[in-house]
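Scroll down for the structure; my scribbles are underneath it.
Just so it is clear, the model here is predicted, and its values are computed rather than measured.
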Amino acid sequence: MVSEFKSSIDTKDNDFNDLLKLAVQADYENALYYFFRIPRTKFPKEGNELSAYETLYVDGIKFSDPNILKLENGVAWMENYFFYYTIKNKITKDRIKRISSCIAHISDDRIKEVYIRESIKKGYYKAYEYNAFITPLRQYLTSETSKEFIVEYEKNHHKDEGQAGYNFTYNDPKGNPVSFSEFKGKYVYIDLWATWCGPCKKEIPFLKELEEKYKDEAIEFVSISLDKPKNLQKWKDFVADKNLKGVQLVADNAFDSGIAKNYSVKSIPRFLLFDKEGKIISTNALRPSNPALDTQFQSLLKK
């Protein structure tokens, strides 16, 4: 019946014909595979399922038409099919193996990216599980939509005391990339600031004093500018003219950069403090002008 109906679709618009045929197939398979996953007290024994399941099952590429993303139930179609696929192939416990096995049956990168995003949304991962899960998948999440999604999703993994800090990578004044992970083994004190920010600049003399006092200790002072990209040269000149010390970096997109979004930074100056493992001590740390910060540093270094 489904094949016959699809064959009868013959308007003057070939693109419409193709999309409608795809929609019909999606509706049919969605209903079929959703039925398979409905909770019940008893399932058919292996090898005794409806023949339609075997007819629609493929060992190779299952999803290749990017028009699937135009369908309201396109993602659901993939999810329901892959539920059947993982049960049939007994790939249910290892999440990384499960999703890597599924996306191997998707040939179009756009489809693959959307499927991965939706899988992450519904995964309910703890931080340590998520870190292992996301590593092999980052190569597919390259669009701006995916980058923004990842930042938003990871917020809860990078905001509370004891959780791992957001692993940024930003450039220094010479254009060399520097990553947060490079500071492991030291306490890290981060200053989020900008050249236009008066209160930020008032903290600089106090920050310089602390940098000098602890220059031989296991504390890394990192200043990250949230200046807009168009003001890159202004930032470079300011760093040089004021002879700023410590590690000087510039975020890639001001308040829309990953570090600002991750820590919900709406105003500056803002200071962050991390332990030697890169875990959060405070995402709203004391300012350099507060004498209590010096006391806190001394206490940390005694541990």
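Within a 6.0 Å radius of NZ in Lys228, other residues, nucleotides and ligands contribute 12 heavy atoms or fewer. Under a cut-off of 6.0 angstrom, the local environment of CD in Gln233 is crowded, with over 12 non-hydrogen atoms contributed by other residues, nucleotides or ligands. Counting heavy-atom neighbours within 6.0 Å of Glu161 CD, excluding the residue itself, gives a total of 12 or less. Counting non-hydrogen atoms of other residues, nucleotides and ligands closer than 6.0 Å to NZ of Lys213 gives a total above 12.
With Arg117 contributing its side chain and Thr145 its backbone, the two residues share no donor-acceptor pair below 3.5 Å. Using modelled atom types, no side-chain atom of Ser179 and backbone atom of Ser181 make a donor-acceptor pair closer than 3.5 Å. Listed for the Asn89 side chain is a donor-acceptor partner under 3.5 Å among the backbone atoms of Tyr85. In terms of modelled atom types and a separation under 3.5 Å, the side chain of Ser299 and the main chain of Gln296 share no donor-acceptor contact. A donor-acceptor contact shorter than 3.5 Å is absent between the side chain of Glu211 and the backbone of Phe221.
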Salt bridge (Lys or Arg N to Asp or Glu O under 4.0 Å) between Arg138 and Glu154: does it pass, once the steps are laid out?
CA-CA 13 Å; Arg138 288 190 187 276; Glu154 291 182 353; 2.8 Å; yes
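The aromatic rings of His105 and Phe82 lie tilted to each other, with the angle between the two planes from 30° to 60°. The aromatic rings of Phe238 and Trp193 lie tilted to each other, with the angle between the two planes from 30° to 60°. Taking the six-membered ring where tryptophan is involved, the planes of Tyr214 and Phe297 are perpendicular, since the angle between them exceeds 60° and thus also 30°.
Put simply, the residue from Tyr33, Phe63, Tyr115 that forms a ring-ring contact (aromatic ring centres under 6.0 Å, His included) with Trp77 is Phe63. Across Phe183, Tyr189, Phe180, a single residue satisfies ring-ring contact (aromatic ring centres under 6.0 Å, His included) together with Phe274, and that is Phe180.
Residues Trp235 and Phe255 are members of separate hydrophobic clusters, defined by side-chain heavy-atom contacts under 4.5 angstrom among Ile, Leu, Val, Met, Phe, Trp and Tyr. Hydrophobic clustering of Ile, Leu, Val, Met, Phe, Trp and Tyr side chains at less than 4.5 Å, counting indirect connections, keeps Leu272 apart from Leu300. Under the 4.5 Å side-chain heavy-atom criterion for Ile, Leu, Val, Met, Phe, Trp and Tyr, Val75 and Tyr81 are members of the same hydrophobic cluster.
Proximity of Val178 to Val222: side-chain heavy atoms (C-beta onward) are nowhere separated by under 4.5 Å.
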